[in-house]
Amino acid sequence: MSRMDQITKKRAMSGNTRSFSMNHSKRSFGLNLQTVKIKEGNQTKSIRVSARTMKTLKKQNKIVK
């Protein structure tokens with residue numbers, strides 16, 4: 001699976017890196033992916049989510065410790 005948040009479907013963004021002389025080359029801004037276990041009904045699943053999504057899941061008490 002690609003480096004993607006499995007809940008929000010966010011992916012890496014692309015942009016340019018600029019030097020002092022204003023040369024540029026493409027680069028990508030990756031996600032801060034973490035593996036967490038969440039509870040869905042009476043099941044627990046292990047998924048990869050971004051740190052921002054993980055913060056929201058903690059707030060909703062969906063993360064299993």
Side-chain angles (χ1 to χ4, degrees):
M1 177 169 281
S2 64
R3 294 189 52 83
M4 177 178 72
D5 188 330
Q6 292 181 337
I7 293 179
T8 61
K9 308 296 186 205
K10 286 185 181 179
R11 294 177 183 259
M13 291 175 51
S14 64
N16 292 316
T17 179
R18 290 278 181 171
S19 67
F20 183 72
S21 60
M22 296 302 283
N23 294 329
H24 70 275
S25 58
K26 282 290 191 185
R27 62 159 292 191
S28 66
F29 298 90
L31 294 174
N32 184 3
L33 290 179
Q34 308 289 326
T35 303
V36 294
K37 291 183 181 180
I38 62 166
K39 51 186 170 185
E40 251 185 34
N42 57 357
Q43 297 178 349
T44 58
K45 290 185 176 181
S46 180
I47 59 172
R48 290 174 62 180
V49 295
S50 64
R52 179 175 291 243
T53 305
M54 190 169 81
K55 185 176 176 182
T56 305
L57 291 173
K58 278 185 183 178
K59 200 173 186 182
Q60 297 172 352
N61 291 326
K62 302 256 183 175
I63 294 181
V64 177
K65 294 183 178 169

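Positions are given from 1 along the sequence. The figures here come from the full heavy-atom set of this structure, side chains too, leaving out hydrogens, waters and symmetry mates.
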* Are L33 and I7 in one and the same hydrophobic cluster, where Ile, Leu, Val, Met, Phe, Trp and Tyr link if side-chain heavy atoms are under 4.5 Å apart? ->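 Different clusters: L33 never reaches I7 through Ile, Leu, Val, Met, Phe, Trp or Tyr contacts under 4.5 Å.
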* How long is the gap from NZ on K58 to CD1 on I38, to the nearest 0.5 Å? ->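 Going from NZ on K58 over to CD1 on I38, the span is 14.5 Å.
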* Going from CG on N42 to CD on E40, what distance comes out if it is rounded to the nearest 0.5 angstrom? ->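 Between N42 CG and E40 CD, I get 10.5 Å after rounding to 0.5 Å.
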Close side-chain approach of [X] to [Y], heavy-atom, < 4.5 Å:
{"X": "V36", "Y": "I47", "value": "yes"}
{"X": "T17", "Y": "H24", "value": "no"}
{"X": "S14", "Y": "R27", "value": "no"}
{"X": "K26", "Y": "N16", "value": "yes"}
{"X": "K45", "Y": "Q43", "value": "yes"}
{"X": "R52", "Y": "K10", "value": "yes"}

* Asked: Where do Q34 and M54 come nearest, in terms of heavy atoms and distance?
  ->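 Nearest pair, atom of Q34 first, then M54: CB-SD, 3.9 Å.
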* Kindly give the heavy-atom pair with the smallest separation between G30 and A12, and that separation in Å. =>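 Smallest heavy-atom distance, with atoms named: CA-CB, 4.1 Å.
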* To do: Kindly check if the number of other-residue, nucleotide or ligand heavy atoms within 6.0 Å of CZ (R11) is above 12?
  =>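 Count not over threshold, so no.
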* Determine whether the side chains of S50 and N32 contain a donor N or O and an acceptor N or O closer than 3.5 Å. =>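 Distance-only check fails for S50 and N32.
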* Is the backbone of R48 close enough, under 3.5 Å, to the side chain of Q6 for a donor and an acceptor to pair up by distance? ->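 Answer holds: yes.
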* To do: Please list, chain by chain and in numerical order, all residues satisfying side chain to side chain contact (heavy atoms under 4.5 Å, CB included) with T56, sequence neighbours excluded.
  =>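 Partners of T56 under the side chain to side chain contact (heavy atoms under 4.5 Å, CB included) test: Q60.
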